[in-house]
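We count residues from 1, following the sequence as given. Note that this is a predicted model, so its numbers are computed, not measured.
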Amino acid sequence: MKAQYKAMILDTMLKEVRSKTLIFIFVATTIAIILGHVGIKLVMSQLGGGEVTFSGINALSLNFRILNSISFVVAAVFGVSVFRSDFQNNIIYQYLSFPISRTEYFFIRVIGTWFLVLAYYIYSYVLSSVLFSMAFKKIIFTPAHFFSFLVLCLYLLIVIFIATLFSLMMNKIGALFITFATSLAAAAAFTTFSTIPYNEFFQNMSSLRIVGLFFYYFFPRITFLGNFSSSLLAGELSGLVIWEQCLHLSVISALYIFIANYLVKRKNF
């Protein structure tokens, strides 16, 4: 890896590490995980331990699902700020003075942000696994948890790309709101249309159904990754056609990334 790439990735991570937002998230997550550990210990002491020992893996899986949702928020928050802060602090010119193209600048900044979010994600996973294993007095981290983690790593990267795209079109508050709103709308659309046959898509058409179809076809199906990760945690894979969902996710995500990169290359800083 080129030296300037390493320098920019490190700079991206250090810039956000100093932010009050990240510090608050780390502290709040740590306290929540510790309180969860204490709560489980209290319940086990009250019930004698044996009656709930069997649910150790399920308890950790539930905790991971909560962390996955929190990590989405973390990825969106830092995704919308990765470029806007460069504009607002007028340091974009320093980065572009390096021997790198705007496309390289775009991807390096996103990767640096992704590494930072993954650091939070890994920290939360490890701390949860250790404390929950201590509570149940056995290792309850399974291969399914690991594979679920890998899926969510990809999920978080796509969320960051989506957030950066919106941040290039509007201010940070607006971009964050649009990221949350479109993701929720796309999740509702995915829940509705992913389980019905194609020949029923256009039955009983209404304005709401048209909006749903728009989000289903023209927004990356990150909900599929979230559901797939949850299915791995539960040990029950869904009946969705995985290759079809992966193809749509890859094509639409690539389109969003292309547009975001185009805006960075064309934007008058």
* Hey, any chance M169 and F177 share a hydrophobic cluster, counting ILVMFWY side chains that come within less than 4.5 Å of each other, even indirectly? -> yes
* Structure fact -> Between W114 and I160 the two heavy atoms that sit nearest each other are CA-CD1, 3.5 Å
* Structure fact -> The side-chain contact (heavy atoms from CB on, under 4.5 Å) partners of F218 (sequence neighbours excluded) come to F214
* Spacing of L157 atom CG and I222 atom CD1 [to the nearest 0.5 Å] -> 11.5 Å
* For the residue pair P220 and F161, establish whether any side-chain heavy-atom pair is separated by less than 4.5 Å. => no
* **Spacing of N261 atom CG and L165 atom CG [to the nearest 0.5 Å]** => 11.0 Å
* **Same apolar cluster (I L V M F W Y, side chains within < 4.5 Å links), L208/F193** => no
* Taking every non-hydrogen atom, the tightest pair across Y216 and S194 -> OH-CA, 3.6 Å
* **Within one Ile-Leu-Val-Met-Phe-Trp-Tyr cluster: I210 and F219, side-chain cutoff 4.5 Å** => yes
* Structure fact -> Looking only at heavy atoms, the pair that brings F215 and A186 closest together is CB-CA, 4.0 Å
* **Full working for side-chain contact (heavy atoms from CB on, under 4.5 Å) between V110 and F106** => CA-CA 6 Å; V110 169; F106 168 71; 4.2 Å; yes
* Asked: Do the side-chain N and O atoms of Y155 and S71 include a donor-acceptor pair separated by under 3.5 angstrom?
  -> no
* Which pair of non-hydrogen atoms, one from G79 and one from T113, has the smallest distance, and what is that distance? -> N-CG2, 4.3 Å
* To do: Take atom CD1 of I196 as the centre, draw a 6.0 Å sphere, and report whether it contains more than 12 heavy atoms from other residues, nucleotides or ligands.
  => yes
* Minimum-distance pair of heavy atoms, taken over all atoms of T223 and A187 -> OG1-CA, 3.2 Å
* Cluster overlap I66 with L184, hydrophobic side-chain contacts below 4.5 Å -> no
* Asked: Is there a donor-acceptor contact under 3.5 Å from the side chain of S81 to the main chain of F78?
  -> yes
* **Backbone of L225 reached by a side-chain donor or acceptor of S229 within 3.5 Å** => no
* Going through the distances and angles, do I158 and L249 end up as a side-chain contact (heavy atoms from CB on, under 4.5 Å)? -> CA-CA 9 Å; I158 297 176; L249 180 68; 3.9 Å; yes
* To do: Mind telling me whether Y105 and F83 have parallel, tilted or perpendicular rings, with 30° and 60° as the class edges?
  => tilted
* Structure fact -> Between the CD1 atom in I122 and the OG atom in S129, the distance rounded to the nearest 0.5 Å is 11.5 Å
* Take atom OH of Y262 as the centre, draw a 6.0 Å sphere, and report whether it contains more than 12 heavy atoms from other residues, nucleotides or ligands. => no
* Structure fact -> In this structure, OG1 of T30 is separated from CG of L131 (nearest 0.5 Å) by 9.5 Å
* Asked: Which value, rounded to the nearest 0.5 Å, describes the distance between F166 atom CZ and L168 atom CG?
  -> 11.0 Å
* When the aromatic ring centroids of Y121 and F149 are compared, is their separation below 6.0 Å? -> yes
* Pairwise side-chain hydrogen bond (donor to acceptor under 3.5 Å, both in side chains) hits with a residue in residues 163-175, at least two apart -> none
* Structure fact -> Minimal heavy-atom distance between S124 and T29, with the atoms involved, is OG-CG2, 3.5 Å
* Asked: Can any side-chain N or O of T182 pair as donor or acceptor with the backbone N or O of T179 at less than 3.5 Å?
  -> yes
* To do: Kindly determine whether I70 and Y120 satisfy side-chain contact (heavy atoms from CB on, under 4.5 Å), including the steps that lead there.
  => CA-CA 10 Å; I70 296 174; Y120 160 79; 3.1 Å; yes
* For the residue pair T103 and V264, establish whether any side-chain heavy-atom pair is separated by less than 4.5 Å. => no
* Going from OH on Y217 to CD1 on I252, what distance comes out if it is rounded to the nearest 0.5 angstrom? -> 11.0 Å
* **Exam field: side chain R221 to backbone Q245, donor-acceptor pair closer than 3.5 Å** => no
* **From CA spacing to verdict: side-chain contact (heavy atoms from CB on, under 4.5 Å), F146, L150** => CA-CA 6 Å; F146 175 73; L150 294 181; 3.6 Å; yes
